[in-house]
Amino acid sequence: MKGNWLLSIHRFQSLIELQPVKFILEIFLLNYISTRGGDETLSLAQLLTRGTASDGGLFVPRQWPKLGSDTLDTLLTGEYADIATAVLTLFGGDTMPSGLIQNAVHSAMSQFNDPVGPPVSALSDGLWALELMHGPTLAFKDFALAPLAEIIDQTLQHQDQRATVLCATSGDTGAATVSAFANRERVNAVVLFPNGGVSEFQRKQMTTTGAANVLPLRVDGDFDQCQKIVKALYQTPAAARHGYTAVNSINIVRILLQSAYYFRSSGIVYRKSNKPCNFIVPTGNFGNIYAAYIAKQLGAPIGKLIITSNDNDVLPRLFETTTMAGNQTVKTISPSMDIQVSSNFERLLWHIKGNDGTAVKKAQNSLESDNRYHLSDAEMATLEQDFAAFRCPEEEALSAIKSVWQKHEKIICPHSATAFYAAHHLPASMEGDTVVVETAHPAKFSDAVYKAIGERPKIPQSAREMLAASESFESVIATADAVQSAIDTKFS
Ligand SMILES: *Cc1c(COP(=O)(O)O)cnc(C)c1O
């Protein structure tokens, strides 16, 4: 393991002691710029509901905040809500009304079964599971969306304004968005899901809240059409009238909130093993694993970050061929990872290219026009310092579900199965304990589990009530006009 993390804390600490004024200035001036070099500069408060930068890039913090050993200690030992508050504060929370973040995050987390944070359980020698699937909608996205919704609602209250969150979904994001925004005072939520494109379980998660501020729309089209309609609606006059906003997975505030569980769990494992641990993360849009990278950059005791994919293996192929090149997306038993353009990877690319926005822009342009870009040997070496990647074909995912069931009496979801598969194939030379990140509850993907082990996962009580509740949604044809008129009717 290169770079002793304790040593780096001491280095930060002496920096702070020598340059108190500079330290304060840096925290105070922490702001966000585009990965593609445009000159937009935004504060954390302005980023709450922002998508891409106007040059098409993603917002990244201009530099990593520097923290003292006391702060790092809080981040590694506290409860989830305290850690998430501390992270947002470090990343420019001083641009928000005082106390708002702390209030909002604590209030959101009090709705969770485990308000202290997601369980980290030891499975066998050196192998751990970080169980991110016990939130309100049984997927990790709750940990970011629930606090973000509360922060947005309180901010709007403060400004005496209203907004409407628009979201196109293939399942988990829509469920987490509906749950997070249901019954909010200042925000309406509209989710567009493709007819036949989400499971019955996921559809019911979106349609059974009974909340007056939620409008689930079943669109006669596929996910891409839903996405297109949402993008088109942002450009219409109705956007200002309804205050359309996005909370999609490129939202940096979501990612910062997620880094809180990497601080916390790496701290828990470090106190047992005395070594930095590795994380294996089932990956699609690269948001979750980028949150782990942020924690590592700030000094959390983390070794390697291991990406896993299903047959949509755009990232493992980058490691094998040094070329990022999207393929046709194939449908798999782990639909939340059926992605060939891993949007948040652009943020890592910005670091790999030495924060050079012009170089990132060139690569992303080439990805858009020729569907590919290449990384140099030096860039690959930088990437491989922190990351590795595994592809898990469908048959292997099914075997992993079976072997984890036999070995640990634990039923896992097909996304998490890709990570367990990688855990079983790690090189012997790998140092430190390894934490498998479980991204969804198996009950959401009951058919795949049944196929693997011939049994169905037990459905949690909260979900049983949800499945029995009556549904309410509207059906629309796949045009922006039809969606707009459904929204106007509901929220006039
Ligand atoms: C969203 C999702 C993923 C992918 O996460 P990214 O942050 O997009 O990489 C993996 N598993 C499940 C269950 C998800 O819902």
Side-chain angles (χ1 to χ4, degrees), residues 58 118 129-146 148 167-180 193 198-199 201-202 205-206 223 227 247-259 261-262 279-295 305-316 318 329 332-348 387 389-390 392 397 400-401 411-422 436-446 448-449 457:
L58 305 186
L130 171 59
E131 299 184 2
L132 299 180
M133 73 288 198
H134 302 298
T137 71
L138 309 179
F140 80 83
K141 292 180 172 79
D142 292 325
F143 282 96
L145 276 165
L148 178 61
C167 151
T169 183
S170 54
D172 285 345
T173 304
T177 301
V178 165
S179 160
F193 60 93
V198 299
S199 72
F201 193 104
Q202 289 169 322
Q205 286 187 312
M206 294 185 269
F223 171 72
Q227 183 94 302
V247 287
N248 50 18
S249 76
I250 52 165
N251 184 305
I252 188 80
V253 185
R254 273 177 67 175
I255 296 175
L256 292 172
L257 285 161
Q258 282 167 231
S259 74
Y261 50 68
Y262 289 106
F279 284 95
I280 312 181
V281 187
T283 295
N285 240 337
F286 210 76
N288 201 4
I289 199 163
Y290 185 71
Y293 177 76
I294 292 176
L305 298 171
I306 298 154
I307 299 158
T308 59
S309 81
N310 58 27
D311 287 305
N312 296 290
D313 58 350
V314 61
L315 292 172
L318 168 65
T329 310
T332 72
I333 53 170
S334 41
S336 299
M337 295 159 67
D338 290 349
I339 283 173
Q340 289 282 350
V341 179
S342 197
S343 311
N344 281 296
F345 191 84
E346 181 171 343
R347 293 194 157 105
L348 185 66
F387 292 91
F390 278 84
C392 174
I401 294 175
I411 299 188
I412 57 170
C413 92
H415 305 78
S416 311
T418 64
F420 276 98
Y421 165 79
V436 168
V437 176
E438 291 189 70
T439 49
H441 195 287
K444 288 187 103 164
F445 304 95
S446 186
V449 171

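Every heavy atom of this structure was used, including side-chain atoms; hydrogens, water molecules and symmetry mates were not. Numbering of ligands and ligand atoms starts at 1, following listing order. Fair warning: this is a prediction, and the values are worked out from it, not measured in the lab.
- For the residue pair Tyr261 / Asn288, a side-chain donor-acceptor distance below 3.5 Å is found, with atom types taken as modelled.
- Not counting sequence neighbours, the partners of Ser446 by the side chain to side chain contact (heavy atoms under 4.5 Å, CB included) test are Arg456, Pro457.
- Taking the ring-ring contact (aromatic ring centres under 6.0 Å, His included) definition, one finds that Phe201 meets it with nothing, sequence neighbours left out.
- Scanning for salt bridge (Lys or Arg N to Asp or Glu O under 4.0 Å) contacts around Asp313 gives Arg317, Arg391, with sequence neighbours left out.
- Looking only at atom types and distance, the side chain of Asn312 has no donor-acceptor partner in the side chain of Thr329 under 3.5 Å away.
- Shown here for Arg254 and Thr173, the closest heavy-atom pair between the two residues is NH1-CG2, 4.3 Å.
- Enumerated by chain and number, the residues approaching ligand 1 to less than 4.0 Å through a heavy atom are Phe140, Lys141, Asp172, Pro282, Thr283, Gly284, Asn285, Phe286, Gly287, Asn288, Ser336, Met337, His415, Thr439, Ala440.
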